[in-house]
Participant: 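I have a structure here, written as structure tokens, and I will follow up with some questions on it.
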Amino acid sequence: MNIVITGASKGIGFEAAKHLAAAGDHTIVAIARNEENLKQLKNACLHENIKAKVFPVPFDLGVLNGIETLLVKQILSFISNVDILINNAGVLVNKPFAETSLEDIQETISTNYLAPSILIRALLPHFASSAHVVNISSMGGFQGSAKFAGLSAYSAAKGAIAVLTECLAEEYKDSGFRFNCLAFGAVNTEMFKMAFPGHTAPLEPSEMGKYVADFALNQARYFNGKVIPVSSATP
Ligand SMILES: NC(=O)c1ccc[n+]([C@@H]2O[C@H](COP(=O)([O-])OP(=O)(O)OC[C@H]3O[C@@H](n4cnc5c(N)ncnc54)[C@H](OP(=O)(O)O)[C@@H]3O)[C@@H](O)[C@H]2O)c1
């Protein structure tokens with residue numbers, strides 16, 4: 001399969017890419033800003049599967065007007081179509097709402113919502129007939145869930161990507177494409193430490209990465225337009 005994954009330089013995205021590489025001879029286009037980390041990802045994938053085809057694409061998804069041109073051109077230089085798109089890249093600002101600057105809000109909305117929206121739109125003409133889009137949200141953006149002070153911009157952006165998923169599944173329901181959204185609970189990554197300093201999450205990035213890889217590869221037949229909470233916390 002031809003797989004595009006964003007936010008693959010560390011955390012859950014890095015681990016998901018490794019599990020995708022281990023799961024078969026897939027071609028993986030791995031996007032993030034940190035080029036060195038993406039090179040390490042490629043080596044880690046080759047360690048999992050000597051036949052792994054991993055193409056690092058260093059790109060800042062905050063540069064929205066480059067997505068449809070520069071980024072898509074680079075993606076299509078490695079793969080002719082897209083079977084799986086995992087919009088995993090994310091950024092979190094942890095500040096009281098009153099101290100949240102315009103730049104904070106713009107960066108949070110751009111990375112977590114606008115960039116995936118534009119990337120989906122730009123790749124639509126290149127989707128394989130049964131393409132599966134997996135958007136990554138958060139329990140903070142899951143309707144009716146417990147909310148946390150300081151995470152307003154982040155949680156609102158994650159809510160937006162969840163609703164976009166439902167809308168696209170409806171709009172493209174006759175196309176064969178599938179759109180789903182995973183709303184993660186806490187996972188021990190750099191982002192989690194920013195959100196909840198001094199706390200430990202119940203899951204490690206490798207465990208969630210494996211879940212994402214399995215879901216993206218195997219669950220499109222069973223889910224479409226679903227926002228799925230992936231969390232063991234109650235309620
Ligand atoms: N960890 C949790 O508890 C948790 C809970 C709920 C949801 N999530 C979601 O899970 C996803 C992965 O998070 P994580 O915990 O693994 O976070 P992480 O360790 O901070 O990784 C975030 C990834 O996003 C990439 N990224 C951020 N801004 C980018 C930009 N402008 N352009 C390109 N790539 C960018 C980062 O790469 P570069 O810095 O190299 O660009 C990195 O690869 C995110 O969408 C997050 O919101 C996480």
Participant: Please answer: with hydrophobic residues joined when any side-chain heavy atoms are less than 4.5 Å apart, are Phe55 and Leu41 in the same cluster?
Facilitator: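 Phe55 and Leu41: separate clusters.
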
Participant: Return each pair, listed once, that meets side-chain hydrogen bond (donor to acceptor under 3.5 Å, both in side chains) where at least one residue sits in residues 59-68; pairs must be two or more places apart or across chains.
Facilitator: Glu68-Arg121

Participant: Return the minimal non-hydrogen interatomic distance between Ser232 and Pro202, and the atom names on each side.
Facilitator: OG-CG, 4.3 Å

Participant: Considering only residues two or more places apart or on different chains, which pairs with a residue in residues 70-86 satisfy side-chain hydrogen bond (donor to acceptor under 3.5 Å, both in side chains)?
Facilitator: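 Residue pairs with at least one partner in residues 70-86: Asn2-Asn81.
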
Participant: Sort and list the pairs that fulfil side-chain hydrogen bond (donor to acceptor under 3.5 Å, both in side chains) and have at least one residue in residues 169-192, not counting sequence neighbours.
Facilitator: Lys10-Glu190, His132-Asn180, Glu170-Lys173, Asn188-Glu204

Participant: Taking transitive links into account, so neighbours of neighbours count too, which hydrophobic residues share a cluster with Val63 at under 4.5 Å side-chain distance?
Facilitator: none

Participant: Determine yes or no for a side-chain-to-main-chain donor-acceptor pair under 3.5 angstrom, with Thr165 supplying the side chain and Ile161 the backbone.
Facilitator: yes

Participant: Going by the rule side-chain contact (heavy atoms from CB on, under 4.5 Å), which residues pair with Leu70 if we only count those two or more places apart in sequence or in a different chain?
Facilitator: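 Partners of Leu70 under the side-chain contact (heavy atoms from CB on, under 4.5 Å) test: Phe59.
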
Participant: List the residues meeting side-chain hydrogen bond (donor to acceptor under 3.5 Å, both in side chains) with Asn88, not counting sequence neighbours, and say none if there are none.
Facilitator: none

Participant: Check side-chain contact (heavy atoms from CB on, under 4.5 Å) between Lys95 and all other residues, then give those that pass, not counting sequence neighbours.
Facilitator: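 Expected list: Val93, Thr100, Asp104.
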
Participant: Let's go through Ile75 and Ile31 carefully: what are the C-alpha distance in whole Å and the side-chain angles of both, what is the deciding distance for side chain to side chain contact (heavy atoms under 4.5 Å, CB included) to 0.1 Å, and is it a yes or a no?
Facilitator: CA-CA 9 Å; Ile75 293 170; Ile31 300 163; 3.9 Å; yes

Participant: From Leu124 CG over to Phe177 CZ, what is the distance, rounded to the nearest 0.5 angstrom?
Facilitator: 6.0 Å

Participant: Looking at OH of Tyr113 and OG of Ser137, how far apart are the two atoms once the value is rounded to the nearest 0.5 Å?
Facilitator: 12.5 Å

Participant: Give the minimum heavy-atom separation between Ala8 and Ala30, together with the two atoms involved.
Facilitator: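 Nearest pair, atom of Ala8 first, then Ala30: CB-CB, 3.8 Å.
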
Participant: Hey, could you give me each pair passing salt bridge (charged side-chain N to carboxylate O under 4.0 Å, His left out) that has a residue in residues 48-57? Not counting sequence neighbours.
Facilitator: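 Residue pairs passing salt bridge (charged side-chain N to carboxylate O under 4.0 Å, His left out), neighbours aside: none found.
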
Participant: With the 4.5 Å side-chain cut-off for hydrophobic clustering, are Ile109 and Leu64 part of the same group?
Facilitator: yes

Participant: Does any N or O in the side chain of Asn135 come within less than 3.5 Å of the main-chain N or O of Cys181, such that one atom is a donor and the other an acceptor?
Facilitator: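 No, the answer is negative, given that no donor and acceptor are paired below the 3.5 Å cut-off.
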
Participant: Consider only side-chain heavy atoms of I, L, V, M, F, W and Y, link residues closer than 4.5 Å, and tell whether Ile105 and Val91 are in one cluster.
Facilitator: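 Ile105 does not cluster with Val91.
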
Participant: State, to 0.1 Å, how close Val227 and Ala162 come at their nearest heavy-atom pair, and which atoms those are.
Facilitator: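 What the structure gives for the nearest pair is CG2-O, 3.6 Å.
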
Participant: Any chance you could pull the hydrophobic cluster mates of Tyr222, using side-chain heavy atoms under 4.5 angstrom and chaining through other members?
Facilitator: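 Tyr222 clusters with Met1, Ile3, Ile5, Ile12, Leu20, Ile28, Val54, Ile84, Ile86, Val134, Ile136, Leu182, Phe184, Val187, Leu203, Met208, Tyr211, Val212, Phe215, Leu217, Phe223, Ile228, Val230.
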
Participant: Can you pull out every side-chain hydrogen bond (donor to acceptor under 3.5 Å, both in side chains) where at least one residue sits in residues 24-44? Sequence neighbours excluded, please.
Facilitator: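 As it turns out, the side-chain hydrogen bond (donor to acceptor under 3.5 Å, both in side chains) pairs with a partner in residues 24-44, which skip direct neighbours, are Asp25-Asn49.
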
Participant: Calculate, to the nearest 0.5 Å, the distance between atoms OG1 and NZ belonging to Thr200 and Lys193 respectively.
Facilitator: 8.5 Å

Participant: Determine, stepwise, if the pair Met194 / Tyr154 fulfils side chain to side chain contact (heavy atoms under 4.5 Å, CB included).
Facilitator: CA-CA 12 Å; Met194 271 185 69; Tyr154 172 75; over 6 Å; no

Participant: Can you list every pair that meets salt bridge (charged side-chain N to carboxylate O under 4.0 Å, His left out) and has a residue in residues 142-167, with sequence neighbours left out?
Facilitator: none

Participant: Shared ILVMFWY cluster between Ile67 and Leu164, side chains joined below 4.5 angstrom?
Facilitator: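 Same cluster: Ile67 reaches Leu164 through Ile, Leu, Val, Met, Phe, Trp or Tyr contacts under 4.5 Å.
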
Participant: Stepwise, does the side chain to side chain contact (heavy atoms under 4.5 Å, CB included) test hold for Arg221 with Ser130?
Facilitator: CA-CA 9 Å; Arg221 178 151 179 79; Ser130 56; over 6 Å; no

Participant: Check Lys18 against Ala44 and note the closest heavy-atom contact, atom names and distance.
Facilitator: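 Residues Lys18 and Ala44, closest heavy atoms: CD-CB, 3.8 Å.
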
Participant: Looking at residues at least two apart in the chain, or sitting in another chain, which of them share a ring-ring contact (aromatic ring centres under 6.0 Å, His included) with Phe97?
Facilitator: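 So Phe97 forms no ring-ring contact (aromatic ring centres under 6.0 Å, His included) with any residue.
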
Participant: Grab the two heavy atoms, one from Phe142 and one from Ala183, that are nearest each other, plus how far apart they are.
Facilitator: CD1-CB, 4.2 Å

Participant: Carefully, step by step, assess Val82 and Val133 under the rule side chain to side chain contact (heavy atoms under 4.5 Å, CB included).
Facilitator: CA-CA 9 Å; Val82 178; Val133 177; over 6 Å; no

Participant: Treat each ILVMFWY residue as a node, draw an edge where side-chain heavy atoms are under 4.5 Å apart, and state whether Leu92 and Phe196 are in one component.
Facilitator: yes

Participant: What heavy-atom pair brings Ile120 and Phe179 nearest, and what distance separates the two atoms?
Facilitator: CG2-CE2, 4.0 Å

